[in-house]
Amino acid sequence: MSASYRLVHFTPDPFTGARLPLGAVVVDRSGEVRVAKVNHLSLACLGDRGLQIAVQRLHARLDGIGNAEVLPPAFGPYATLGEAVVVPDGVPDPLGWV
């Protein structure tokens, strides 16, 4: 089995297509699901304090993701999963690579 990942995006307005990456759901070669979090969130670019709070709360919930196919309902309409991307075979630590 190949390792893969899917980015988790904060999507404040689905009509504009604007997205802010929060992290990535990584499936390693054994099938284990783990999450890589973005270390720095650009909250200042959101402008709205309510959106900043939403991003911080979603970011804090990333560790609760246990499925790479669908986000938990707690993520609501503001978070989306990107397309699955295969990690190159020679990468020994897919989570660290992502």
Side-chain angles (χ1 to χ4, degrees):
M1 172 182 211
S2 295
S4 63
Y5 70 92
R6 296 178 75 176
L7 293 177
V8 178
H9 296 283
F10 174 68
T11 310
D13 182 352
F15 297 108
T16 65
R19 300 182 302 180
L20 175 73
L22 299 174
V25 180
V26 180
V27 181
D28 65 20
R29 288 176 184 82
S30 69
E32 182 181 358
V33 176
R34 300 185 320 183
V35 176
K37 289 184 172 184
V38 170
N39 290 328
H40 176 73
L41 295 174
S42 301
L43 297 177
C45 69
L46 294 171
D48 182 271
R49 182 69 181 143
L51 290 177
Q52 292 175 0
I53 291 168
V55 166
Q56 290 170 332
R57 288 182 178 163
L58 292 171
H59 191 259
R61 291 184 176 141
L62 287 175
D63 290 329
I65 296 174
N67 183 337
E69 299 301 317
V70 62
L71 291 173
F75 280 81
Y78 287 117
T80 58
L81 281 173
E83 295 296 318
V85 179
V86 175
V87 175
D89 286 333
V91 174
D93 176 16
L95 184 70
W97 183 82
V98 169

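Heads up: numbering here begins at 1 and tracks the sequence.
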(request) Report whether V25 and V55 are members of the same hydrophobic cluster (ILVMFWY, side-chain heavy atoms less than 4.5 Å apart, transitive linking). (result) yes
(message) I'd like to know if V8 and V27 are part of one continuous hydrophobic network [Ile/Leu/Val/Met/Phe/Trp/Tyr, side-chain heavy atoms within less than 4.5 Å].
(response) yes
(message) Check for me, please, whether L7 and V38 land in the same ILVMFWY cluster - side-chain distances under 4.5 Å, paths through other members count.
(response) no
(message) Connecting only ILVMFWY residues whose side-chain heavy atoms lie within less than 4.5 Å of each other, what is the rest of F15's hydrophobic cluster?
(response) none
(request) Kindly work out whether a path of hydrophobic side-chain contacts (I/L/V/M/F/W/Y, heavy atoms less than 4.5 Å apart) joins W97 to V35. (result) no
(message) Per the salt bridge (charged side-chain N to carboxylate O under 4.0 Å, His left out) rule, what does the pair list look like for residues 89-98, sequence neighbours excluded?
(response) R34-D93
(message) Please determine whether residues V33 and M1 belong to a single hydrophobic cluster, defined as Ile, Leu, Val, Met, Phe, Trp and Tyr linked transitively by side-chain heavy-atom distances below 4.5 Å.
(response) yes
(request) Would you please name every residue forming a side-chain contact (heavy atoms from CB on, under 4.5 Å) with A3, sequence neighbours left out? (result) R29, V87, P94
(message) Under the rule for side chain to side chain donor-acceptor pair (under 3.5 Å), what residues qualify as partners of T16, not counting sequence neighbours?
(response) none
(message) Which heavy atom of A24 sits nearest to which heavy atom of V98, and what is that distance?
(response) CB-CG1, 3.6 Å
(request) Would you give the length of the straight line joining atom CZ of F10 to atom CD of Q56, rounded to the nearest 0.5 angstrom? (result) 10.5 Å
(message) What verdict does the side chain to side chain contact (heavy atoms under 4.5 Å, CB included) test give for D28 and L95, after you've listed the backbone C-alpha separation in whole Å, the side-chain angles of each residue and the deciding distance to 0.1 Å?
(response) CA-CA 8 Å; D28 65 20; L95 184 70; over 6 Å; no
Please report, to 0.1 Å, the donor-acceptor pairs under 3.5 Å made by any side chain of residues 63-85, with sequence neighbours excluded.
{"unit_1": "D63", "atom_1": "OD2", "unit_2": "K37", "atom_2": "NZ", "d": "3.3"}
{"unit_1": "N67", "atom_1": "OD1", "unit_2": "E69", "atom_2": "N", "d": "2.6"}
{"unit_1": "T80", "atom_1": "OG1", "unit_2": "T11", "atom_2": "OG1", "d": "3.2"}

(request) Write out all pairs satisfying salt bridge (charged side-chain N to carboxylate O under 4.0 Å, His left out) with one or both partners inside residues 16-26, taking only residues at least two apart or from two chains. (result) none
(request) Supply the atom-to-atom distance H59 NE2 to L20 CG, rounded to the nearest 0.5 angstrom. (result) 9.0 Å
